[in-house]
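Structure first, commentary second.
Keep in mind that the numbers below use all heavy atoms, side chains included, and drop hydrogens, waters and symmetry copies.
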Amino acid sequence: RARPVEITEGCRLPVLRKNQENEDEWPLAEILSVKDIHGKKLYYVHYIDFNKRLDEWVTPDRLDIKKLQFPKKEAKTPMKDGLPGSRPSSPERDVKKSLDLHVQSASATSRGKTLPTPKRKAESVSLATQVTAATPVPSLPSSAEASQASVYPTMRDSSFSIKSRDEHEPLTSLTTVRNNSRIVSLQPLNNSPRCSTIYLLPGEDSQDSSDGIPSAPRMTGSLVSDRSHDDIVTRMKNIDCIELGRHRLKPWYFSPYPQELTSLLILYLCEFCLKYLKSLKCLQRHLTKCNLRHPPGNEIYRKGTISFFEIDGRKNKAYSQNLCLLAKCFLDHKTLYYDTDPFLFYVMTEYDSKGFHIVGYFSKEKESTEDYNVACILTLPPYQRRGYGKLLIEFSYELSKVEGKTGTPEKPLSDLGLLSYRSYWSQTILEILMDLKSENGERPQITINEISEITSVKKEDVISTLQYLNLINYYKGQYILTLSEDIVEGHERAMQKRHLRIDPKCLHFTPKDWSKRGKW
């Protein structure tokens, strides 16, 4: 008689799950772990080419054993670049891998740091947006085009491409011009009655075209892109449920809470100091002693029920560490270290009669050599898809405006982070282009540098957004931007839905010079 097939870690087979339309589907999945509860087996599966936040424990009846694939003998899970990984290589990833390998030799020497091994395709965060890196895909320093293609992998094809400085003048010094009226169009380009044109002409001060090309991810700090610890333990969710105030959250990823708390059905957090407790009774006892009704630190913004608090990672270490532990539940591919000293944390809250309830946050290096104005960014799941993510992003740029700097989030962005930032950049830049007025019947002009100065968005992000929107065309020896009817109408619809905005008059913020170490 044939022995029953034993399903072990590393096996792959189709697993039944419901898709977004609540229909059955059978994607290929990898078994990461097997456990036995009262004689019944459960399997922890990762769906190949799906985000890790969908990983789950499943019962045997959801497995299609007929199509079982056993792991290769040399390793329980497929090895990629010497690290365990559950995703097979694809042509797209192989291209990225080759980019990574070129960059490691080039930029590692220039920065004097050891770079992490190339990682998987960018995955998640919530904006939950982990802005810094789901998966580092550093870019070739020699070509801005390669840079943008790797940082913005889903950018639409465009007839316009950025060439290296030797081949072409850099885009950073181009000039934009726009019609006074949206009704006027440049006929040879577009016959749409609401099409506008913007010329991109040579501008004044051209800076180094390699300026701002993302290098390797930062290797120090509270949450760091690093997969050296990406073993089977950290690939599995370890907390079932978190109770935070009136919300219960289902974590998406592993977070290094103490081992003894991982067996609890519910982990309780004080929603004001974020201290973790093992039972409701412990939480109730803690609340009688906890005097906080808002995050520690200074309230630097308040409008209506929305407030922002600035927390120094050195002065409020316990809170900052607890915030990082909570954030790690929703940020993938991060290794959590307890060094919060070099960081500021900006926590957004919503106020009611019981206090200031955390909605989301972003962290920021006190001193950034790469013009980063955001390290990690997260909107907690109960508040997602309500405009809070974009509000966090807008606030980070308002701080940059007060500091008199341009800023950019740490690259590469996660999938959800990229969507949120791309949407914010698009709306912000289109708002400026559509507000331009003509002078003396001439089409008005504005340079890329001027857009960057007005918005505090870094030039490279301005350029990549114009490319993504497919606005750039070449006409009669000039680069021009064409705002089509679809772009204009889409922008107007988006702005009508965007009710939450930052009011600069409500911001009370004085930047510090963190280079003077005494201020730490």
Query raised in the report: So, are Glu394 and Arg498 salt-bridged, with charged N and O less than 4.0 Å apart?
Result: yes
Query raised in the report: Is there a side chain to side chain contact (heavy atoms under 4.5 Å, CB included) between Ile242 and Arg248 once you walk through the steps?
Result: CA-CA 6 Å; Ile242 290 175; Arg248 282 198 174 169; over 6 Å; no
Query raised in the report: Do Leu323 and Ile358 come close enough that some side-chain heavy atom pair is under 4.5 Å?
Result: yes
Query raised in the report: Is Leu471 close to Leu483 at the side-chain level, that is, under 4.5 Å between some pair of heavy atoms?
Result: yes
Report task. Might you point out which heavy atoms bring Ile311 and Pro295 nearest each other, and give the distance in Å? Result -> CD1-CB, 3.9 Å
Query - Salt bridge flag under 4.0 Å for residues Glu398 and Lys405 - result: no
Query - Gln384 side-chain N/O to Thr379 backbone N/O, donor-acceptor pair under 3.5 Å - result: yes
Report task. Nearest 0.5 Å please: distance from the OH atom of Tyr388 over to the CZ atom of Phe395. Result -> 15.0 Å
Query - Pair Ser420-Lys390, side chain to side chain donor-acceptor pair (under 3.5 Å): steps then yes or no - result: CA-CA 7 Å; Ser420 297; Lys390 210 164 278 173; over 6 Å; no
Query raised in the report: Can you find a pair of side-chain heavy atoms, one from Leu326 and one from Leu380, that are under 4.5 Å apart?
Result: yes
Report task. Check whether any side-chain N or O of Arg385 sits under 3.5 Å from a backbone N or O of Pro381 as a donor-acceptor pair, and report yes or no. Result -> no
Report task. Report the C-alpha separation of Asp415 and Leu419 in whole Å, then their side-chain angles, then the decisive distance to 0.1 Å, and conclude whether the side chain to side chain contact (heavy atoms under 4.5 Å, CB included) test is met. Result -> CA-CA 6 Å; Asp415 57 352; Leu419 287 174; 5.9 Å; no
**Report entry** Heavy-atom donor-acceptor pair, Glu450 side chain to Thr447 backbone, under 3.5 Å
**Finding:** yes
**Report entry** Residues, nucleotides or ligands: over 12 heavy atoms within 6.0 Å of Gln20 CD
**Finding:** no
**Report entry** Set of side-chain hydrogen bond (donor to acceptor under 3.5 Å, both in side chains) partners for Asp24, sequence neighbours left out
**Finding:** Lys18
**Report entry** Note, Asn322 side chain near Leu325 side chain (heavy atom, < 4.5 Å)
**Finding:** yes
Query raised in the report: Do you know which two heavy atoms are closest between Cys273 and Tyr319, and how far apart they sit?
Result: O-CD1, 3.5 Å
Query raised in the report: Is there a salt bridge (Lys or Arg N to Asp or Glu O under 4.0 Å) between Glu350 and Lys303 once you walk through the steps?
Result: CA-CA 10 Å; Glu350 202 171 49; Lys303 184 171 186 183; over 6 Å; no
Query raised in the report: Do any N or O atoms from the side chain of Ser426 and from the backbone of Arg422 form a donor-acceptor pair under 3.5 angstrom?
Result: yes
Query raised in the report: Side chains of Lys459 and Thr406: is there a donor and an acceptor less than 3.5 Å apart?
Result: no
**Report entry** Glu460/Lys411 salt bridge by N-O under 4.0 Å criterion
**Finding:** no
Requested in this report: Flag the pair Asp371 and Lys458 as a salt bridge only when some basic side-chain nitrogen lies within less than 4.0 angstrom of an acidic carboxylate oxygen.
Outcome: yes
Query raised in the report: For Tyr253 and Asn51, does a side-chain donor sit closer than 3.5 Å to a side-chain acceptor?
Result: yes
Query - Ser307 and Glu299: side chain donor to acceptor below 3.5 Å - result: yes
Report summary line: So CD of Glu453 and CG of Asn449: to nearest 0.5 Å the spacing works out to 6.0 Å
**Report entry** Aromatic ring proximity His508/Tyr301, centre distance under 6.0 Å
**Finding:** no
**Report entry** Any side-chain heavy-atom pair of Glu410 and Glu365 under 4.5 Å
**Finding:** yes
Query - Intermediate values then yes/no, side chain to side chain contact (heavy atoms under 4.5 Å, CB included), Ile432 and Thr455 - result: CA-CA 9 Å; Ile432 287 172; Thr455 60; 3.1 Å; yes
Report task. Under the side-chain hydrogen bond (donor to acceptor under 3.5 Å, both in side chains) rule, collect the residues that match up with Lys497, sequence neighbours excluded. Result -> none
Query raised in the report: Do the side chains of His357 and Thr349 get nearer than 4.5 Å, heavy atoms only?
Result: no
Report summary line: d(Ile429 CD1, Leu469 CG) to nearest 0.5 Å is 7.5 Å
Report task. For the residue pair Tyr361 and Cys376, establish whether any side-chain heavy-atom pair is separated by less than 4.5 Å. Result -> yes
Query raised in the report: Do Asn316 side-chain atoms and Ser320 backbone N/O form a donor-acceptor pair below 3.5 Å?
Result: no
**Report entry** Test log, rule salt bridge (Lys or Arg N to Asp or Glu O under 4.0 Å), inputs Lys505 and Asp503
**Finding:** CA-CA 5 Å; Lys505 295 194 291 292; Asp503 184 349; 3.6 Å; yes
Query raised in the report: Given the rule in the salt bridge (Lys or Arg N to Asp or Glu O under 4.0 Å) test, do Asp352 and Arg246 qualify, once you have shown the distances and angles that lead to the verdict?
Result: CA-CA 12 Å; Asp352 66 16; Arg246 63 180 180 272; 3.8 Å; yes
**Report entry** Intermediate values then yes/no, side chain to side chain contact (heavy atoms under 4.5 Å, CB included), Ile393 and Phe362
**Finding:** CA-CA 9 Å; Ile393 294 172; Phe362 65 88; over 6 Å; no
Query raised in the report: Quick check, are the ring centers of Tyr346 and Phe308 under 6.0 angstrom apart?
Result: no
Query raised in the report: Given the side-chain rings of His247 and Tyr383, with only the six-membered ring counted for Trp, is the space between their centroids under 6.0 Å?
Result: yes
Query - Taking every non-hydrogen atom, the tightest pair across Phe330 and Pro251 - result: CE2-CA, 3.9 Å
Report summary line: Closest heavy-atom pair, Asn373 versus Ser396, reported as atoms and distance to 0.1 Å, is ND2-O, 3.7 Å
Query - Any donor-acceptor N/O pair, Ser452 side chain to Val457 backbone, under 3.5 Å - result: yes
Query raised in the report: Is the closest side-chain heavy-atom distance between Phe309 and Met348 below 4.5 Å?
Result: no
Query raised in the report: Nearest 0.5 Å, what's the OG1-CD1 distance between Thr428 and Ile454?
Result: 11.5 Å
Query raised in the report: Taking the six-membered ring for Trp, is the centroid-to-centroid distance between Tyr397 and Tyr424 below 6.0 Å?
Result: yes
Report task. To the nearest 0.5 Å, tell me how far Thr305 OG1 sits from Tyr351 OH. Result -> 10.5 Å
Query raised in the report: Under the criterion salt bridge (charged side-chain N to carboxylate O under 4.0 Å, His left out), which of Lys512, Lys364, Lys366 is the partner of Asp312?
Result: Lys366
Report task. With Arg293 as the cation and Phe356 as the aromatic partner, state whether NZ or CZ is under 6.0 Å from the six-membered ring centre and within 45° of the axis. Result -> no
Report summary line: Between Asp461 and Pro409, the two heavy atoms sitting closest are OD2-CD, 4.3 Å
Query raised in the report: So which heavy atom on Phe254 is nearest to which on Lys328, and how close?
Result: O-NZ, 2.8 Å
Report summary line: Here the gap from Arg53 atom CZ to Lys237 atom NZ, rounded to the nearest 0.5 Å, amounts to 9.5 Å
